> 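Sharing a structure with you now.
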Amino acid sequence: MPDSTNKYYLTTPIYYVNAAPHIGHTYTTLAADTIRRFKRMQGFDAVLTTGTDEHGLKIERSARKTGKSPSEFTTIVSDEFRRQWKLLGLVDADTNPQDRFIRTTDPRHVQTVQELFLRNQENGYIYKRSYTGMYDVGEETFVQGAKPGDVSPVNGQPLEEVTEENYFFRLSAFQQPLLDLYTGQPDFVQPDFRRNEVMRFVEGGLEDLSISRGSISWGIPLPTDDGQVFYVWFDALSSYYTAVDGEGRWPADLHLIGKEILRFHAVYWPAFLMGAGWPIPRKVFAHGWLLFENDKMSKSRGNIVRAEPIHQVMGIEGLRYFLLREIPFGHDGSFSYDALVQRFNSDLANGLGNLASRTLSMIHQYRGGAVPAPPAGEDSALAAAAAQAIATAADGYEKFEFSRALEGIWTLISHVDKFIVERKPWTLAKADGPESAALLDDTLYGAAEALRVVAALCAPVLPATAQRLWDLLGCGASSTLPSQVRDVAWSSLQWGQLPAGSTVGTLADTPLFPRLKPEEVIPRMRELEAETAVAQARLLGKEPEPAEAPAVASETVTLSPPLADEITIDDFVKVDIRVGLVLSAEPVPKADKLLHLKVDIGEAQPREIVAGIALAYKPEQLIGRKICVVANLAPRKLRGLTSNGMLLAASLEGGSPVLAAFLEEVPVGARLK
RNA sequence: GGGCCCUUAGCUCAGCGGUUAGAGCAGCGGACUCAUAAUCCGUUGGUCGUAGGUUCAAAUCCUACAGGGCCUACCA
């Protein structure tokens, strides 16, 4: 049995292949890579899994639209993710033994999923039940309480009525065990405010979950019923297990995820595992979203950002630094090209890059390129600052507070800059006498040694830069230090380990981080971004989005849901739409969106109608207005009130409804046809 | 409707009961020259969302309100 005490296993989500990689995927993945690198330096045998989630009706349809088989289609997109992570130096399962890339279409994965199911079945947590409901194809989920004709609350696509025998997981049985988990293991869900959310959700009661789908073929078949395939989440979550199956690495130490998939990881997944009697992961950490200049990134807004263009212009390390330094990890954060370039210039070019440049240059000019020995005796004035930086960075990384860790490291950089100015090595170099020479030695050694510490501390976030700096300082060639900075052990990192006499390199021609001109670099990134968007669209077999799509135009183009199935005039005349006059309107208690209306449609008594328009209209705006009412719709209870009809309003996804109205006078009760 | 979080300098944030409220960036003035028009020093800038309350003491605790965000129920 492999020893599991010094192992650390973390995962990113496996990404859904219905979209090509964008900066949100990159954010999660680079954070995971940073954690993995830190854990490695702490002495853990750290393994990182990422991958692609490839099953489901949505994928099946996307594939078909492009004229490909699901298998061909998912391979193309999966390879794109793989290529991307390799290009950005994040995950490369081909060459790095610490990396895993799992696809849910991997044959090995079938076993895991079926096994997880069978264990749950043995333990009595699976049962079969007939179910009719409205199915949201996009979300691959039934929408509770929905009726024929409804659209998806998430994406506005029409729902489909599906009746089938499904296998259900007794999620309801796990309410108490889950609550015990959250209380017994308070850091199971992080950050704390997410834990609160999850706990309240679970306290509100859990309904059993359908975990199989009939009438879908693109999925993993149930071992007991080949007419059904597994629900995508049951399938996808299990991949974390498959990726390290047989390695003795389960349970995972950390699932790093975005906040939008918290429930699946913090509620469903541990419940599935408990049901099977398998160990549950130790921690789920949900980070926030990247907003684009404080707007949600979305295709319809045309403001999606991808990592590759940024990588091409400033290098991936600039992006890594920016995202981890600028945004407190766990919270939503704003991405903007201005802030990106600003951070790059002030912290990386002027800060770390310039310090390295001036230090190496002085060692060359004053000491022939060899690190001088510090005078024996008292500690360098920088030793305390370095110790402080080591402690702050370790604590920050440990808690995933990357911005705090980096802030601590940059405090040291700033100390060194001050130190150099105070010592004035350029004056010492001109002065005669052994005292000046000794002070100059001490100064140069201090600066170089501080940079060595900085290189080690930065290594999780800036791996390539750290290694370059490490080599420039001659550490890689020394006999007492590891040749790779990533092999430095945190526990032994301390002041004074840079051997005197090390030969240092030079940065004269190729600065660590060349200062960027925003007016040149930002347009360049935007240009490449547009090209990448087109290339990705082509890859997915979709119509390329218009480059730099203006918000208004794209909303009308991309947000309008596809047409419903064709109907005949006979179908249409079944719907009786009347002109009605709103007599009264009042809010419905305990409902944000509902208004209770009395509408005269020419009948003896006014109709009572409950409508979900409270966010768009105030009651007093409606009274006296003429509206359109579907008069022969079956009554329905809503929040305790019966609604006898439906009023017509237009809306787009997420937008507020706009009531249909007339420009000319119309008599109440007139029928629309 | 129920619940959670946030609101501190122009910007991003730290401080979470105890000296005159901090950092970085941006701005302004100066110094220096080893360095990537860099760095260093000095400096401008805040009624800590608003109003009450608890306390010897509140940005920090409590209540209400306003604005922003999120989870959840209700869109026939």
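Just so it is clear, the structure is predicted and the values come from calculations on it, not from any experiment.
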> For B/U20 and B/C48, measure between their C1' atoms and round to the nearest Å.
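15 Å, rounded to whole Å.
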
> Tell me if the NE2 atom of A/His415 is crowded by more than 12 foreign heavy atoms within 6.0 Å.
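Counting neighbours around NE2 of A/His415, 12 or fewer heavy atoms of other residues, nucleotides or ligands fall under 6.0 Å, so no.
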
> Side chain of A/Arg358 only, heavy atoms from C-beta on: which candidate in B/U39, B/C74, B/C70 is closest?
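Closest of the options to the side chain of A/Arg358: B/U39.
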
> Using atom P of each nucleotide, how far apart are B/U60 and B/U47 to the nearest Å?
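Straight-line distance between the two P atoms is 16 Å.
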
> For B/U39, does either OP1 or OP2 sit under 4.0 Å from a side-chain N or O belonging to A/Asn350?
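True: A/Asn350 side-chain N/O within range (under 4.0 Å) of B/U39 OP1/OP2.
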
> Nearest 0.5 Å please: distance from the NZ atom of A/Lys598 over to the CD atom of A/Glu608.
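Going from the NZ atom of A/Lys598 to the CD atom of A/Glu608 covers 5.0 Å.
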
> May I have the distance from A/Lys430 (atom NZ) to B/C32 (atom P), rounded to whole angstrom?
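It is 12 Å, rounded to the nearest whole Å.
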
> Report which part of the nucleic acid A/Ser357 touches: base, sugar-phosphate, or nothing (heavy-atom distance under 4.0 Å, all strands).
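Base, at least one base heavy atom under 4.0 Å.
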
> Students often mix this up, so state it plainly: with edges at 30° and 60°, are the rings of A/Phe329 and A/Tyr27 parallel, tilted or perpendicular?
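Aromatic pair A/Phe329/A/Tyr27 classed perpendicular.
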
> Do A/Glu449 and A/Arg452 sit within salt-bridge range, that is, some charged N less than 4.0 Å from a carboxylate O?
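So A/Glu449 pairs with A/Arg452 through a salt bridge.
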
> Select one nucleotide: of B/C74, B/A26, B/U36, the one nearest the side-chain heavy atoms of A/Ala349.
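Nearest nucleotide to the side chain: B/U36.
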
> Touch check for A/Met362, heavy atoms < 4.0 angstrom, all strands: base, sugar-phosphate only, or nothing?
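Base, at least one base atom sits under 4.0 Å.
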
> Between B/A23 and B/C40, how far apart are the two P atoms, rounded to whole Å?
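Roughly 14 Å separates the two P atoms.
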
> What is the distance, to the nearest angstrom, from the CG atom on A/Leu348 to the P atom on B/U39?
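Those two atoms, CG and P, are 12 Å apart.
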
> What is the distance from CZ of A/Phe322 to P of B/C11, rounded to the nearest Å?
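About 16 Å, once rounded to whole Å.
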
> Using the P atom on both, measure B/U54 against B/U8 and round to a whole Å.
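27 Å, rounded to whole Å.
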
> Mind calculating the distance between CZ (A/Phe201) and C1' (B/A73) to the nearest angstrom?
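Atom-to-atom, A/Phe201 to B/A73, this comes out as 12 Å.
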
> What's the closest nucleotide to the side chain of A/Tyr366 if the choices are B/C4, B/C34, B/A23?
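Of all the options, the side chain of A/Tyr366 is nearest to B/C34.
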
> Could you work out the separation of B/G22 and B/A9 based on their C1' atoms and round it to a whole Å?
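B/G22 and B/A9 have their C1' atoms separated by 10 Å.
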
> Regarding A/Arg468 and A/Thr510, do their side chains bring together a donor and an acceptor under 3.5 Å, going by distance alone?
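Their side chains do contain a donor-acceptor pair, which is all the 3.5 Å distance test asks for.
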
> Among B/C41, B/C70, B/U39, which is the nearest nucleotide to the side chain of A/Lys418?
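Nucleotide nearest to A/Lys418's side chain: B/C41.
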
> What integer distance in Å separates A/Arg404:CZ from B/G22:C1'?
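From A/Arg404 CZ to B/G22 C1': 16 Å.
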
> Report yes if a side-chain nitrogen or oxygen of A/Lys424 is closer than 4.0 Å to either non-bridging phosphate oxygen (OP1 or OP2) of B/C32; otherwise report no.
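No.
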
> Does atom NZ of A/Lys259 have more than 12 heavy-atom neighbours from other groups under 6.0 Å away?
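Correct, the count exceeds 12.
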
> Quick one: label A/Val610 by what it contacts on the DNA or RNA (base, sugar-phosphate, nothing), any heavy atom closer than 4.0 Å.
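Counting heavy atoms under 4.0 Å across all strands, the contact made by A/Val610 is with sugar-phosphate only.
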
> Please work out whether the ring planes of A/Tyr321 and A/Trp410 are parallel, tilted or perpendicular, with thresholds of 30° and 60°.
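Ring orientation of A/Tyr321 relative to A/Trp410: tilted.
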
> Which whole number of Å gives the distance between the P atom of B/C4 and that of B/C62?
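Looking at atom P only, B/C4 and B/C62 are 12 Å apart.
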
> Figure out the NZ/P separation between A/Lys517 and B/A37, and round it to whole Å.
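So the NZ-P distance, A/Lys517 to B/A37, works out to 10 Å.
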
> Under 3.5 Å, is there a donor-acceptor pair between the A/Trp289 and A/Glu260 side chains?
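A/Trp289 vs A/Glu260: donor-acceptor pair found between side chains.
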
> Across the strands shown, which category fits A/Ala611 at heavy-atom distances under 4.0 angstrom: base, sugar-phosphate, nothing?
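It contacts sugar-phosphate atoms only.
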
> Supply the atom-to-atom distance A/Ile363 CD1 to A/Leu473 CG, rounded to the nearest 0.5 angstrom.
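Between A/Ile363 CD1 and A/Leu473 CG, I get 7.0 Å after rounding to 0.5 Å.
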
> Output the rounded distance in Å from CG (A/Asn345) to C1' (B/U12).
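Answer to the nearest Å: 17 Å.
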
> What distance, rounded to whole Å, do you find between the two C1' atoms, one in B/A59 and one in B/A26?
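Looking at atom C1' only, B/A59 and B/A26 are 24 Å apart.
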
> Looking only at side-chain atoms of A/Asp347, point me to the closest of B/C75, B/G24, B/U12.
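Of all the options, the side chain of A/Asp347 is nearest to B/G24.
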
> Out of B/U39, B/C75, B/C4, which nucleotide sits closest to the side chain of A/Asn354?
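The closest nucleotide is B/U39.
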
> By the 4.0 Å heavy-atom rule, please label A/Pro425 as base, sugar-phosphate, or nothing.
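Nothing: the residue A/Pro425, judged by heavy atoms under 4.0 Å, touches no strand.
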
> Students often get this wrong, so: under 4.0 angstrom with heavy atoms, is A/Leu262 touching a base, only sugar-phosphate, or nothing?
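Result for A/Leu262 = nothing.
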
> Which nucleotide, B/C4, B/C70, B/G24, lies nearest any side-chain atom of A/Arg343?
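Of all the options, the side chain of A/Arg343 is nearest to B/G24.
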
> Looking only at atom C1', what distance separates B/G24 and B/G68, rounded to whole Å?
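Roughly 25 Å separates the two C1' atoms.
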
> Look at the side chain of A/Asp417 and decide which nucleotide, out of B/C4, B/C40, B/C75, has an atom nearest to it.
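In terms of side-chain proximity for A/Asp417, the closest of B/C4, B/C40, B/C75 is B/C40.
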
> Under 3.5 Å, is there a donor on one side chain and an acceptor on the other for A/Asp187 and A/Gln185?
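Distance-only check fails for A/Asp187 and A/Gln185.
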
> Could you pick out which residue, A/Leu633 or A/Arg200, lies toward the 5' side of RNA chain B when each is mapped onto its nearest nucleotide?
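Final value for this comparison: A/Arg200.
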
> Between B/C75, B/C32, B/C40, which nucleotide gets closest to the side-chain atoms of A/Trp426?
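In terms of side-chain proximity for A/Trp426, the closest of B/C75, B/C32, B/C40 is B/C32.
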
> Starting from the 5' end of RNA chain B, give me the residue, A/Gly612 or A/Glu197, whose nearest nucleotide shows up first.
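The answer here is A/Glu197.
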
> Would you mind reading off the distance between A/Leu595 atom CG and B/G1 atom P, rounded to a whole angstrom?
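It works out to 13 Å between those atoms.
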
> Between which residue ranges does RNA chain B form stems of three or more consecutive Watson-Crick or G-U wobble pairs, both distances under 3.5 Å?
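RNA chain B forms these stems: B:1-7 with B:66-72, B:10-13 with B:22-25, B:27-31 with B:39-43, B:49-53 with B:61-65.
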
> Of all the nucleotides listed (B/C4, B/U39, B/G69), which has the minimum atom distance to the side chain of A/Asn196?
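Closest of the options to the side chain of A/Asn196: B/C4.
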
